[in-house]
Structures are given as C-alpha cells and as structure tokens.
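Encoded as structure tokens, the structure appears first; notes follow it.
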Amino acid sequence: NEFQKVGLHGVGIFQHRRVALHGQGNSFPRLINDPANLEVCIQFIASLKVLITNSYHGMYWAQLLGVPTVCVPFSSGHYAFNGEMTYSTHEDSVSNAKQLLSEYRPEARLKARELILENHRLVSSLFYSQAVEFLVD
C-alpha cells in the first residue's frame, strides 16, 4: 500500500504524466497524475509531510492542504504560481525535500493551511464578482 510507505519517509512524489521526475527519490512513494482520480491524488498528497512534484495541480493541492512542496518545474507556468514554493532541479530535489522535512512542524502546517484556504476563497469570490459584473454589463 503506497500510503503505508509514506509513513516511513514523510516524502512522496506526485509526477506529471508526460514528464518523468528522475533522481534519487526512487525509494519514495510515487503517484502519477493520470489516470489517478482526484480523490486518490488528494489523499496521497494529504498523507505526506513533504511533496516533490512537477505537476502544477500537485503544487496547488499541496498548498491548499498545507503540505510543504519542492517543485521541479518544466514550464514557465510553474513559476507563475502564487504561494511559497521551493524550486529545485532534479538533482537537488531530494536534498531540498529532506531539508523541508527537517523543518516540518505539524502546528505550522495547520496554520498555513487555514491562511491559504482563506486567501483562495477570497480570490475566488473576487473572480466570481468580476465575472458576473463582466457578464451583466
């Protein structure tokens, strides 16, 4: 069971289906974002203390869940992400994840998640208001 393995490391890999993540993290549990369903993806990410990913959606979901994340970007869209993110190369991703793991504090994760969720709700409400205003005019 992949989720049981996570407890051994605290680190997992959520990989984009078209771009492989290489490097030293072969012993970490890994989930590819396709054909996994949303529920499986969220459960996997939520079970981690630290995530290594090259998936924009993985970055987003991890942020909403308060999971510290190491991103190995392959497109400029990864850099346009709003939020605190540790960017890395393939070669340094595991050492960066281990650094985040050494700094892991569960209480900080909960606090971060609350603040991030509130911020995303505000941004979504603002977008909704702007969209409605645009459509009505």
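Predicted, not measured: the structure shown is a model, and the values here were computed from it. We use all heavy atoms of the structure for the numbers below, so side chains are in, but hydrogens, waters and symmetry mates are not. Sequence positions, counted from 1, serve as the residue numbers for this chain.
Within the model, atoms CD of Gln99 and OG1 of Thr86 stand 9.0 Å from one another, a figure rounded to the nearest 0.5 Å. Between the OG1 atom of Thr53 and the CE atom of Met85 there is a distance of 9.0 Å, given to the nearest 0.5 Å. With rounding to the nearest 0.5 angstrom, the OG atom of Ser93 is 8.5 Å from the CZ atom of Phe28. Taken to the nearest 0.5 Å, the NE2 atom of His16 stands 8.5 Å off from the CG atom of Asp34. His90 contributes atom NE2, which lies 7.0 Å from atom CG of Asn54 (distance to the nearest 0.5 angstrom). Atom CZ in Arg121 sits 9.0 Å away from atom CG in Leu64 (nearest 0.5 Å).
For the residue pair Gly58 and Leu51, the shortest heavy atom distance occurs at O-CD2, 3.7 Å. Residues Pro68 and Gly66 come closest through the heavy atom pair CD-O, 3.4 Å. In plain terms, the two heavy atoms of Trp61 and Cys41 that are nearest each other are CZ3-CB, 3.8 Å.
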| message | Does Arg18 form a side-chain contact (heavy atoms from CB on, under 4.5 Å) with Phe74? I'd like the steps, not just the answer. | response | CA-CA 11 Å; Arg18 287 186 234 142; Phe74 65 85; over 6 Å; no
| task | Please assess Leu126 against Leu122 for the test side-chain contact (heavy atoms from CB on, under 4.5 Å), listing each intermediate value before the final yes or no. | result | CA-CA 6 Å; Leu126 178 61; Leu122 290 171; over 6 Å; no
| task | Carefully, step by step, assess Val11 and Lys49 under the rule side-chain contact (heavy atoms from CB on, under 4.5 Å). | result | CA-CA 6 Å; Val11 177; Lys49 291 182 179 175; over 6 Å; no
| request: Could you go through the ring pair (Phe, Tyr, Trp, His ring centres under 6.0 Å) check for His120 and Tyr60 one step at a time? | output: CA-CA 10 Å; His120 281 276; Tyr60 180 76; 5.1 Å; yes
| task | Step by step, work out the side-chain contact (heavy atoms from CB on, under 4.5 Å) result for Leu21 and Arg30. | result | CA-CA 10 Å; Leu21 270 171; Arg30 179 182 305 252; 3.8 Å; yes
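The environment of CD in Glu103 is crowded: more than 12 heavy-atom neighbours from other residues, nucleotides or ligands sit within 6.0 Å.
Under the 4.5 Å side-chain heavy-atom criterion for grouping Ile, Leu, Val, Met, Phe, Trp and Tyr, Leu115 is not connected to Met59 through any hydrophobic cluster. Grouping the Ile, Leu, Val, Met, Phe, Trp and Tyr side chains by contacts below 4.5 angstrom, directly or via other members, places Val132 apart from Phe127. Both Val40 and Ile45 are assigned to one and the same hydrophobic cluster, defined by single-linkage of ILVMFWY side chains at heavy-atom distances under 4.5 Å.
Taking the six-membered ring where the residue is Trp, the centroids of His78 and Tyr87 are separated by 6.0 Å or more.
For Tyr104, there are no ring-ring contact (aromatic ring centres under 6.0 Å, His included) partners, not counting sequence neighbours. Annotation: ring-ring contact (aromatic ring centres under 6.0 Å, His included) contacts of Tyr128 (sequence neighbours excluded): none.
Taking the side chain as every heavy atom from C-beta outward, Thr89 and Val72 never approach each other to under 4.5 Å.
A donor-acceptor contact shorter than 3.5 Å links the side chain of Thr69 to the backbone of Val67. The backbone N or O of His57 lies less than 3.5 Å from no partner atom in the side chain of Asn33, so there is not a single donor-acceptor pair.
Residues Asn96 and Ser88 have side chains that bring a donor and an acceptor to within less than 3.5 angstrom of each other.
Hydrophobic clustering, defined by side-chain heavy atoms of Ile, Leu, Val, Met, Phe, Trp and Tyr closer than 4.5 Å, groups Phe134 together with Leu135.
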